[in-house]
Amino acid sequence: MSPSTEIPKTYDPNSVEEHWLQEWKDEDNYFDPVSTKPQFIIDTPPPYPTGNFHIGNGFNWCYIDFIARYKRMRGFNVMFPQGWDCHGLPTEVKVEEIHGITKNDVSRDEFRQMCRDLTIQNIEKMRATMRRCGFSTDWSNEYITMMPEYYRKTQISFLRMLKAGDIYQSEHPVNFCTRCETAIAFAEVAYEDRTTLLNFFEFDGVEIATSRPELLAACVAVAVHPDDERYTETKGKTLTVPLFGHNVPVITDEAVDPEFGSGAVMICTFGDKQDVYWWKQHNLDLRKAIDSSGKMTAIAAPYDGLTSKECRERILADMKEQGILNRQEKLDQRVGTCWRCKTPIEILSERQWFVKIHNEGIIKAAKDIMWTPDHMYSRLENWASQMEWDWCISRQRVFATPIPVWFCDGCGEKILPDEADLPIDPTAESPKHPCPVCGGTSFTGETDVLDTWMDSSISVLNVTGWDGGDIPERFPAQIRPQGHDIIRTWAFYTILRSLALTGSKPWEEILVNGMVLGEDGFKMSKSRNNIIPPEDILKDYGADAFRQWSAIGAATGSDIVFTWNDVVAGSRFQTKLWNIARFVLMQAGDAGSLTADSVTVLTDRWLMCRLSATVAEVTEAMEAYQFDRAIRAIREFSRDVFADNYIELVKGRLYEDEGSARDSALYTLRTALATICRMFAPITPFFSEECYSYLGAGSVHAAGWPDLSFADAYADRNGALLAEVVSEVRRFKHDNKIALNAPLGSVFVYADQEIDDAGDASRALNAAVTWTTEKPQLERVVSDVKFTMGVIGPALRNKARGFMDAVRALSEEDLCCGVSSVTVDGEEVAVPENAYEPVYSFRVAGEEVDVLTLNDGVIVTVSRTA
Ligand SMILES: [Zn+2]
Ligand SMILES: [Zn+2]
């Protein structure tokens, strides 16, 4: 333990935080695989390694770290792993940009290596920020999805689900981004509102309205409502598609809205989901007019080779020229776009791999998970119940987990590797055995790769110890913390995959955090220029202030606005608490040998009650993940109760007293400081460690969570009264410009019982304080007169002075009751309205006192003269 004289006067967060970063060991945060403590495994989100650990990540990780540290203190064997979800398009795009190439300029292998190199550099940068934030990450449980040991598991999970019939390959319409040149899942479609033009033209006299004339070449039918009498004659006939000349049937379907346009719609393969439904329902032809790069195909001749946008312009121009475009109307519509690049998606029919979605099982499992806040559950339920298509998991990209499948060139048979041989890249390796069907030895490896969510949706299996077997040793995890923006992806897919691979839910609980908004209240974005990098906050205020902002800025689950004010408030609170801690340490720093038996004095017993109540409140808040409530309770107790009331009450005793009464205060001070440090440790790990280190009781993070139950109803009630009396009289001194340490005369407290405060009130007020149950014998007297010069001046002019003298000379009774006139220089002068009012004061036994009225009818009299 350091002697109390060495405690620095000011708290410098940066030097303190740097110091503890050096002192702390990674091993302290490792999950212990052989521990007998109950496990608490956190299925931490694996961020995408962009190189920037942004403030949204920081906010999310603060929550995780609060929980991890809290649970460790509660005696759990905590695993706070750190994953990196590496695969995907953004890295491919970045690599193309950095090297000035496209993915097709180099071999697949070379391109992947470039992606891996960039990813490793980015991870390194993000790790540094995470460490600086003080997160108690378990680096022994780090995983990187692009590493063979991880994607081997992704491949095993693929094979398992394929063999179980939960994964299949099929030609089916899928959402497709023609810029990224890959299929995407429904969850990756973002929606935007746009205004477009609805174009009206005719198919053999039947008017059709469409917003996508470029799909005319893909038209396979015209549909009308079966009851629409306008088309009774047309049903069952064929119509000729303008410009292209192919014939299409007229079909009827209940789903056609007769009110929209002319009541006749063209069905194309594919304009939207409805087209897909009709196409299946009526067994229509497939006409692919747009290819995977977004260009028009030969079917669209003479427009083939154009982009769909160019084609649309040319078709409309041609229609105008030929006089077949009847009219155009504005149309508001929601357009599905690629979530990464915002290109409007196309629905293309492609040979793809799919995961079967069993909505009901997912909803049932999700219901069985505890959601915080609980309303977030409905987001998952809504999403799951509206899923109509299976999950498309194949991507036509490079940097991703390869799909471990070959096809026999002889007979087309699907050839699967042995699990023991995984991981494999089927484009670079061959099967070990000839084709079991035809004996052929020539194979083609699948070039499609897996959706990144196939990697990240087994994160929970990975951290609970899955190695391809049935149910992992430590499955399910205790909690999944994540943002609400990825409920329909990461949460949904994880539940789906856990059910498919283990038959049960992935976690006991899920904690959903909100998004971070800029100071202007908008989502942070480059274009709004409202991005705050965490490094800026760390540099100026340190990690603990940043962490306090995360805790207090919003209720759990709500979006949080970043404000420097909250960070500054956090920093100021640290300064305040540091001053409190210094005082306590200088007084009670070496009082570590005292025990709870020392607490005898009312003030101390009261503080112990309040401290117990605070521990109960903070514990309840932490259990419910209400970090804002927890930090508010800590701040309120430390500042208002401990510093402003308690310390002021006991200071005198510490300076003047010796023996047991002093020990009572010393024990209480020390216990309160240690308890504050322990409660505050999950939120401000550096600050708490620094303060606690001066108590000579080891690391605060190794200390248990405070367990305090000091119950003393008498002290709780009367200590509160004592604190109130002292604070009211101190306020009275302040209001009357009397120095707080200046002596007063006697102070009487008229309450319903006499309190033995061991002299604390007298010392705190520098006055003789007497508690009495008697009723105060107060005598009210007029002690002065207060004149209203604004009334007297104009009304009485040169008689004002004489008037005031005359009023002062009035009897006490006349002053109280009021008179209509007074005599000034022998002349009767009327008293103007509101000219004066009497000032009353009180006397007790002939001595003038001030009277303060407290709650519960307690009266305090103060005589100012000592
Ligand atoms: Zn895209
Ligand atoms: Zn074969």
Side-chain angles (χ1 to χ4, degrees), residues 48 50 85-97 102-104 111 115 162-163 169 173-192 194 214 270 272-273 290-295 307-309 334-352 389 391-400 403-418 424 426-427 429-454 456 485-486 488-489 525-527:
Y48 196 76
T50 55
D85 184 18
C86 312
H87 289 136
L89 194 66
T91 299
E92 291 192 14
V93 172
K94 199 78 200 168
V95 161
E96 287 175 336
E97 210 178 281
T102 74
K103 71 180 197 295
N104 303 322
F111 190 73
C115 291
L162 180 68
K163 286 171 190 164
Q169 191 191 26
V174 290
N175 292 302
F176 206 96
C177 174
T178 53
R179 197 211 68 85
C180 300
E181 291 190 42
T182 183
I184 60 175
F186 250 103
E188 294 169 309
V189 179
Y191 290 90
E192 276 176 27
R194 288 189 190 179
E214 67 274 25
F270 297 94
D272 56 20
K273 257 170 93 177
I290 298 177
D291 72 12
S292 58
S293 63
K295 299 248 170 67
T307 65
S308 59
K309 187 161 174 277
R334 295 190 75 207
V335 181
T337 61
C338 169
W339 77 321
R340 295 211 196 270
C341 75
K342 301 285 168 239
T343 303
I345 53 131
E346 294 291 349
I347 297 177
L348 303 184
S349 186
E350 296 267 328
R351 192 200 65 142
Q352 301 286 352
W389 293 5
W391 173 19
C392 175
I393 53 165
S394 43
R395 299 289 180 271
Q396 291 68 52
R397 300 296 309 184
V398 179
F399 184 45
I403 293 179
V405 172
W406 295 274
F407 299 95
C408 171
D409 290 339
C411 70
E413 178 69 8
K414 221 184 287 147
I415 311 291
L416 305 180
D418 290 337
I424 61 139
T427 64
E429 297 159 60
S430 295
K432 289 191 171 165
H433 310 284
C435 171
V437 176
C438 71
T441 52
S442 166
F443 306 93
T444 301
E446 172 63 279
T447 52
D448 281 5
V449 291
L450 287 171
D451 179 3
T452 320
W453 295 110
M454 281 292 280
S456 60
D485 56 329
I486 49 175
R488 58 188 209 175
T489 47
S525 70
K526 270 192 196 134
S527 58

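Ligands are counted one by one from 1 in listed order, and the atoms in each one are counted from 1 as well. Remember, it's a predicted structure, so these values are computed and weren't measured experimentally.
Side chains of N175 and W389: a donor-acceptor N/O pair is absent below 3.5 angstrom, by distance only.
Every residue two or more places apart in sequence or in another chain was checked for a side chain to side chain donor-acceptor pair (under 3.5 Å) with T337, and none qualifies. Legend: residues meeting salt bridge (Lys or Arg N to Asp or Glu O under 4.0 Å) with E350, ordered by chain and number and at least two apart, are absent.
Nearest heavy atoms, T91 versus C86: OG1-O, 4.0 Å.
Under 2.8 Å from the Zn ion (ligand 2), one finds the following protein N/O/S atoms: C408 SG, C411 SG, C435 SG, C438 SG. At a cut-off of 2.8 Å, measuring from the Zn ion (ligand 1), the protein N, O or S atoms that fall short of it are C177 SG, C180 SG, C338 SG, C341 SG, waters left aside.
The existence of a salt bridge linking R397 and E92 is confirmed by a sub-4.0 Å separation between a basic side-chain nitrogen and an acidic carboxylate oxygen. Looking at E181 and K103, no side-chain N of the basic residue comes within less than 4.0 Å of a carboxylate O on the acidic one, giving no salt bridge.
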**Item:** E446/R351 under salt bridge (Lys or Arg N to Asp or Glu O under 4.0 Å): CA gap, chis, key distance, verdict
**Value:** CA-CA 11 Å; E446 172 63 279; R351 192 200 65 142; 3.1 Å; yes
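T452 places none of its side-chain heavy atoms less than 4.5 Å from the side chain of R395. Side-chain contact between P344 and R194 is present, with at least one heavy-atom pair separated by less than 4.5 Å.
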